[in-house]
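From a predicted model like this one, the values you see are computed outputs, not experimental measurements. In what follows, chains carry the letters A, B, and so on, assigned in the order in which the sequence lines appear, proteins first and then strands, with residues in each chain numbered from 1.
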There are 2 protein chains.
Amino acid sequence: MAKQNILSALMNDGPIIANEHRSLSAETAEKLRELILLEKLPPGMHIPERDLAEALGISRTPMREALRTLAIEGLVEFTATRRSRVANPSIDELRESMTVLATLEALGGELACAIATDREITAIADLNQKMIECTDKFSAINFFNTDMAFHSSIITSTHNQALIDTHRQYNAKLWRARFMSSKRKQGRAKTLQQHQDITNALVSRNASKMAQVMRSHIETAIDNLSIQQNET
Amino acid sequence: MAKQNILSALMNDGPIIANEHRSLSAETAEKLRELILLEKLPPGMHIPERDLAEALGISRTPMREALRTLAIEGLVEFTATRRSRVANPSIDELRESMTVLATLEALGGELACAIATDREITAIADLNQKMIECTDKFSAINFFNTDMAFHSSIITSTHNQALIDTHRQYNAKLWRARFMSSKRKQGRAKTLQQHQDITNALVSRNASKMAQVMRSHIETAIDNLSIQQNET
DNA sequence: TTTCTAATTTTGGTATACCATATCTCCCAA
DNA sequence: TTGGGAGATATGGTATACCAAAATTAGAAA
């Protein structure tokens, strides 16, 4: 039965335990994010609260809270009768979210040009340099994580908490899709070039240039979505 | 004791009951939004789950879910020890959120110019006309609600669900602050002028003009925030 | 065999109990 | 009078029980 699938797939990671700083539900949300992004919980899969809670060794209460959190992030969705399943967004839905993300990142870039400290800009430029130097050595996941860190640190440097929070939401929602499309190594050269443009705009604190290059960078990612779709 | 304050303030509205379509927790979230925006639950006020649940005639479970929802919207915040209180954002925090909202609305305006149907644009223009005709008759709350409807319908006309959802979040978070600053009737003339500009850009489907006027409209609102602060 | 219906099982929503910890109170010692 | 600490209380986190509704299954009738 389905219950066995869930149990066997997840139990080997050991039980979830509450951290000193994070509650069980927060830990659970984090764990679920990981399971979804790694597709151990594949898109469209049903998530019965009881079974999954039992599989992770916790009760329904924190599991429910975690599911709500993930639902808001867009990683989990509910049917008309409130049954939860792993989100399986269409390409169009991903494109819609990416469009918003592009605007958020463009705003972040503009603000960063005005607000980021020299130290923060240096750190961002260092990340860019790291990606250039390690591009041949990096695995897909390493390359991608550094890519994400590059973007996140620009957003963080705006010190705009609302922007930081909303950006994190969109990142979580789009993580899997972006990872899929970044796997194709042919894209790395273009990614690196665009990151260089972004870094240059930031170092010279050229806000309008920044908004422009940032927007076209994300638009490339949007285009890659469709390409990826056609390949599969 | 504090419990009595909460009880006496809220019980007269009758108990919360689950709607045919919405769960108790969703109803509760809606009710809490109303209580917070009307300042029956004033900024900074403590919200002990038990007392408030009891005051609304429900158990802690749906109250907790509602509080989580409101926390994500930014209407409720948690202390270091997880106690919830009504959010009391500083002017700077409001300005940060407004900055993001401005970008979202500018994006919405641009997309609407390209995507909205003629019927949707007509409906938006009608809302604009209604505000012009009724500006002298409208109470502050009526004027403001129509104002919000005008903006929301532009966002809705983009048919971009991610944008619609995120915009709704920011609207909820900023509702009270925006209402405060829109109360000053002197602002109505400028609001109407800017709405007219927005409507014109939309009718002529001039996306770049739209982005520009929308952005300056929200920037006016940001400025009003500070003014409001100085007056009190 | 197929289809419709009734019984059964599954599932999410809500209430409640219990626990650990945070917070508050009050009293004693300096 | 003040500071600190022990005891009492309040509060949030989690587990569990129960219920109504949804989903599934089984069986009977055609």
Q: What nucleotide, of D:dG13, D:dT11, C:dT16, holds the atom closest to the side chain of B:Ser59?
A: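 Output: C:dT16.
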
Q: Separation of A:His46 atom NE2 from C:dG12 atom C1', in whole Å?
A: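 That distance rounds to 11 Å.
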
Q: Categorize B:Arg85 for me: base, sugar-phosphate, or nothing, with a 4.0 angstrom heavy-atom threshold over every strand shown.
A: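 No contact.
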
Q: Give, for atom CD1 of A:Ile47 and atom CG of A:Leu32, the distance between the pair rounded to the nearest 0.5 Å.
A: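 Between A:Ile47 CD1 and A:Leu32 CG, I get 6.5 Å after rounding to 0.5 Å.
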
Q: Start with the C-alpha distance between A:Asp165 and A:Gln161, add both sets of side-chain angles, then the distance that settles side chain to side chain donor-acceptor pair (under 3.5 Å), and finish with yes or no.
A: CA-CA 6 Å; A:Asp165 291 343; A:Gln161 196 58 49; 3.1 Å; yes

Q: Would you say D:dA22 has OP1 or OP2 under 4.0 Å from some side-chain N or O of A:Arg82?
A: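 For D:dA22, OP1/OP2 do not have a side-chain N/O of A:Arg82 under 4.0 Å.
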
Q: Taking for each residue the nucleotide of DNA chain D bearing the nearest heavy atom, is the 5' side occupied by A:Pro62 or by A:Arg83?
A: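 Whichever sits nearer the 5' end wins; that is A:Pro62.
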
Q: Rounded to the Å, how far apart are A:Arg64 CZ and D:dG13 P?
A: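 Interatomic distance, CZ of A:Arg64 to P of D:dG13: 16 Å.
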
Q: Report the distance from atom CD of B:Glu54 to atom P of C:dA15, rounded to the nearest whole Å.
A: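 Rounding to the nearest Å, CD of B:Glu54 and P of C:dA15 are 13 Å apart.
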
Q: Which is more 5' along DNA chain C, the nucleotide nearest A:Ser84 or the one nearest B:Arg50? Just name the residue.
A: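 Closer to the 5' end of DNA chain C: A:Ser84.
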
Q: Looking at A:Ser23, does any N or O in its side chain come under 4.0 Å of the phosphate oxygens OP1/OP2 on D:dG12?
A: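 No.
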
Q: Which nucleotide wins on minimum distance to the side chain of A:Arg60, given the candidates D:dT11, C:dA15, C:dG12?
A: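 Nearest listed nucleotide: C:dG12.
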
Q: Among C:dA22, D:dA22, C:dC19, which nucleotide sits nearest the side chain of A:Thr81?
A: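 Ranking C:dA22, D:dA22, C:dC19 by closest atom to the A:Thr81 side chain puts D:dA22 first.
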
Q: Please determine whether a side-chain nitrogen or oxygen atom of A:Arg68 lies at a distance below 4.0 Å from atom OP1 or OP2 of C:dG13.
A: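 Answer is yes, contact under 4.0 Å.
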
Q: Starting at CG of B:Leu52 and ending at P of D:dT11, how long is that distance when rounded to a whole Å?
A: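 Answer to the nearest Å: 12 Å.
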
Q: Report the C-alpha distance between A:Trp175 and A:Tyr170 in whole Å, list the side-chain angles of each, state the deciding distance to 0.1 Å, and finish with yes or no for ring pair (Phe, Tyr, Trp, His ring centres under 6.0 Å).
A: CA-CA 8 Å; A:Trp175 195 98; A:Tyr170 274 83; over 10 Å; no

Q: Just how far, in rounded Å, is C1' of D:dA15 from CG of A:Leu24?
A: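 It is 11 Å, rounded to the nearest whole Å.
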
Q: Quickly, which of A:Arg176, A:Lys173, A:Arg33 forms a salt bridge (charged side-chain N to carboxylate O under 4.0 Å, His left out) with A:Glu73? Name it, please.
A: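 Only match with A:Glu73 under salt bridge (charged side-chain N to carboxylate O under 4.0 Å, His left out): A:Arg33.
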
Q: In sequence, state the C-alpha distance, the side-chain angles, and the governing distance for A:His217 and A:His151, and then conclude on ring pair (Phe, Tyr, Trp, His ring centres under 6.0 Å).
A: CA-CA 11 Å; A:His217 179 43; A:His151 285 275; 4.9 Å; yes

Q: Once you round it to whole Å, what is the distance between C1' of D:dT11 and CE of B:Met63?
A: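 Rounding to the nearest Å, CE of B:Met63 and C1' of D:dT11 are 14 Å apart.
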
Q: Between D:dA15, C:dG12, D:dG13, spot the one nearest the side chain of A:Thr61, thanks.
A: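 Minimum distance to the A:Thr61 side chain belongs to D:dA15.
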
Q: Considering only C:dT14, D:dG13, C:dG12, which nucleotide approaches the side chain of B:Ser25 most closely?
A: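 The listed nucleotide nearest to B:Ser25's side chain is C:dT14.
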
Q: Given atom CD of B:Glu65 and atom P of C:dA15, what is their separation to the nearest angstrom?
A: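 The answer, rounded to whole Å, is 11 Å.
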
Q: Counting only side-chain heavy atoms from C-beta out, which of D:dA15, D:dG13, D:dT11 sits nearest to A:Ile58?
A: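 That would be D:dA15.
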
Q: What is the distance, to the nearest angstrom, from the CZ atom on B:Phe78 to the P atom on C:dA22?
A: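 The distance from CZ of B:Phe78 to P of C:dA22 comes to 17 Å, rounded to the nearest Å.
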
